[in-house]
Amino acid sequence: MEVSGRLVAPAVFKTDEAEALGLAGSIPVHLRVDPRRRVPRTDAVLADARLAALTERLGRAVVKDAVARAQQRVRQGEIGPECVTDAALAVLPPHPTSLRPVINMTGVLLHTNLGRAPLSPAAVEAVTAAAGATDVEFDLTGGARARRGRGALESLARAVPAAEDVHVVNNNAAALVLAATALAAGREIVISRGEMVEIGDGFRIPDLLVSTGARLREVGATNRTTLDDYRAAIGPRTGFVLKVHPSNFQVAGFTGSVEVAELTGLGVPVIADIGSGLLRREPLLPGEPDAASTLAAGADLVTASGDKLLGGPQAGLLLGRRGLVDRLRRHPLARALRVDKLTLAALEATLRGPETPVHRALHAEPAVLARRAAALAEALHRAGIEARAVPAEATVGGGAAPGVRLPSAAVSLPERLAVPLRTGDPPVVGRFEGGRLLLDLRMVAPARDGEVLTAVLAAAGGRGRP
Ligand SMILES: *Cc1c(COP(=O)(O)O)cnc(C)c1O
């Protein structure tokens, strides 16, 4: 017998040795024969309908690997040969990627860690439709190359008539990098000391700008900058003046800044990074700048994110004067910052389509949220879970509308449910407050309340008595 192969585990020798020594009676029946001979063949296992379906979804390599691991367990005597398929199924991931859809109950509408804006159903449909071969850069009527993503660009231009031209890049940071590179490399960007913003995760707009080879000409003080400060800094080396919306912090007290409208008389381009991507005024967020008003105030170029208050995919929007947008579009760097067809599809559907989840959450009626929280808490309470409906305050988050508190409602639960909820399917992420776990309803579509109920029941241990 060949016993020196690496595939043969020591446990197998022991089985055979035990038989030779007459000790086989103390060994489980399925181990008495050399298990290698009883390991089902890989192609036979892969023919199982469930594994075949998973091969379609996850890829052959992953499924084959799971089968190989299950076969190895048979060789080692851990499981019987009849269990190979189930053992392979048990270790296969249920989803095609490690990214999991999450129910955001943090009360932060645009949670950067949770992917900021969730796409609208229309945008999701558009992404799916564009996933194959698509006419993203092709004119089907004429049969020739066409402007890439023209549908999204036209929709953006139509949404903001004040913009002479528009362009879309990977994100707002990319929009700033492109503007700084094309318009100020080797020159100066004039920026207020009160607008040297850290976006998050250690990334700072001033560092981003300097990385392009532009120099920053800081003006004013942290709390106050005047028009004279800008005026004194402008000279032949100025590339442009940059206004950055302080989108994630507030300064209070003795403060002052200069509006875009006042900066337009300085004789240099004014670029405004408005951050959140509001295209028009949002009455609920009076402090949040929007593209239309900023252009109307005289900004030459506006940059913004696609996945904040616009409620679309990650993207950087550039809107403004034709000559400037054209220079950015033609710069070699533009190719490196170009957006994917999936982004263009989602952006166009967002710009054209029905209400986004972000807009719905922003405009949700507090009384309706309170009724939903009460219904959930009551159902959970009936199941023996210590749940209460409580008033809550949600925030916009994600670098938009700092300081704005949106009245909301939440289900308050014992803190110990946080981990089982986060690791459940689907994961539910709430927030801790006052020794309790709050599940804030503002960002949850009403149609998903049933899923939330099921998730909490499961997290509490099925029977509902934590
Ligand atoms: C969020 C934000 C950015 C960064 O935008 P991304 O799309 O995440 O790159 C830049 N500037 C401001 C003012 C922001 O609020």
Side-chain angles (χ1 to χ4, degrees), residues 108-119 152 156 166-181 189 191-212 214 216 225 240-251 257 259-260 270-279 282 285 287-291 293-295 299 301-320 328 333-334 336-340 342-344 346-347 350-351 356 358 362 395-404:
V108 180
L109 271 56
L110 299 165
H111 201 299
T112 299
N113 302 157
L114 300 180
R116 288 196 188 153
L119 294 182
L156 181 58
V166 299
H167 185 55
V168 178
V169 289
N170 184 50
N171 57 12
N172 191 8
L176 287 169
V177 163
L178 184 56
T181 308
I189 298 172
I191 181 170
S192 160
R193 290 197 172 89
E195 298 174 9
M196 312 275 278
V197 178
E198 173 170 324
I199 319 169
D201 196 24
F203 288 103
R204 296 173 173 169
I205 288 179
D207 298 344
L208 190 78
L209 296 169
V210 166
S211 76
T212 67
L216 291 191
T225 303
F240 57 83
V241 170
L242 180 64
K243 274 291 287 178
V244 179
H245 176 51
S247 59
N248 53 10
F249 68 99
Q250 283 179 306
V251 280
S257 62
E259 296 299 319
V260 166
V270 177
I271 300 186
D273 169 10
I274 62 167
S276 74
L278 279 182
L279 300 183
E282 167 54 69
L285 305 173
E288 207 54 24
D290 66 283
S293 312
T294 309
L295 288 168
L301 198 65
V302 166
T303 78
S305 297
D307 57 352
K308 292 182 179 174
L309 287 169
L310 182 65
Q314 179 188 304
L317 316 179
L318 286 149
L319 311 98
L328 302 192
L333 185 61
L337 307 176
R338 177 174 108 163
V339 281
D340 175 55
L342 303 181
T343 302
L344 290 165
L347 183 62
T350 302
L351 289 164
T356 63
V358 173
L362 192 60
T395 55
V396 177
V404 170

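If you're wondering where the values come from, they're calculated on a predicted model, not measured in any experiment. Remember, it's 1-based here, ligands and their atoms both numbered in the order they're listed. Numbers here are sequence positions counted from 1. All values below come from the heavy atoms of this structure, side chains included, with hydrogens, waters and symmetry mates left out.
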Contact check: Ser305 vs ligand 1, nitrogen or oxygen atoms, below 3.5 angstrom = yes

query = Of all the atoms in ligand 1, which lie at a distance below 4.0 Å from a heavy atom belonging to Gly275?
reply = 12 (C), 13 (C), 14 (C), 15 (O)

ask   = Should Ser247 be counted as touching ligand 1, given the test is an N or O pair under 3.5 Å?
value = yes

ask   = Can a donor-acceptor pair be found between the side chains of Asp290 and Ser293 at a distance below 3.5 Å?
value = yes

query = What atoms of ligand 1 come within less than 4.0 Å of a heavy atom belonging to Lys308?
reply = 1 (C), 2 (C), 3 (C), 14 (C), 15 (O)

inquiry  = Does any N or O of ligand 1 fall below 3.5 Å from an N or O anywhere on His245, backbone included?
reply    = no

task = Examine the proximity of ligand 1 to Arg116 and report which part, side chain or backbone, both or neither, has a heavy atom under 4.0 Å away.
result = side chain

task = Return the set of residues passing salt bridge (Lys or Arg N to Asp or Glu O under 4.0 Å) with Asp273 (not counting sequence neighbours), or none when no residue passes.
result = none

inquiry  = Counting only nitrogen or oxygen atoms and a 3.5 angstrom limit, does Ala173 reach ligand 1?
reply    = yes

query = So between Asp273, Val197, Ile199, Leu208, whose heavy atom ends up nearest atom 4 (C) of ligand 1?
reply = Ile199

ask   = Tell me: protein heavy atom nearest atom 10 (C) of ligand 1, and distance?
value = Asn172 ND2, 3.3 Å

inquiry  = Measuring from atom OG of Ser247 to atom NZ of Lys308, what distance do you get when rounded to the nearest 0.5 angstrom?
reply    = 4.5 Å

key: Within-4.5 Å side-chain heavy-atom neighbours: His245 and Glu288   = yes

query = Ile271 and side-chain contact (heavy atoms from CB on, under 4.5 Å): which partner among Val244, Leu318, Leu242, Val260?
reply = Leu242

ask   = Relative to the heavy atoms of Ile205, which atoms of ligand 1 are at a distance of less than 4.0 Å?
value = 10 (C), 11 (N)

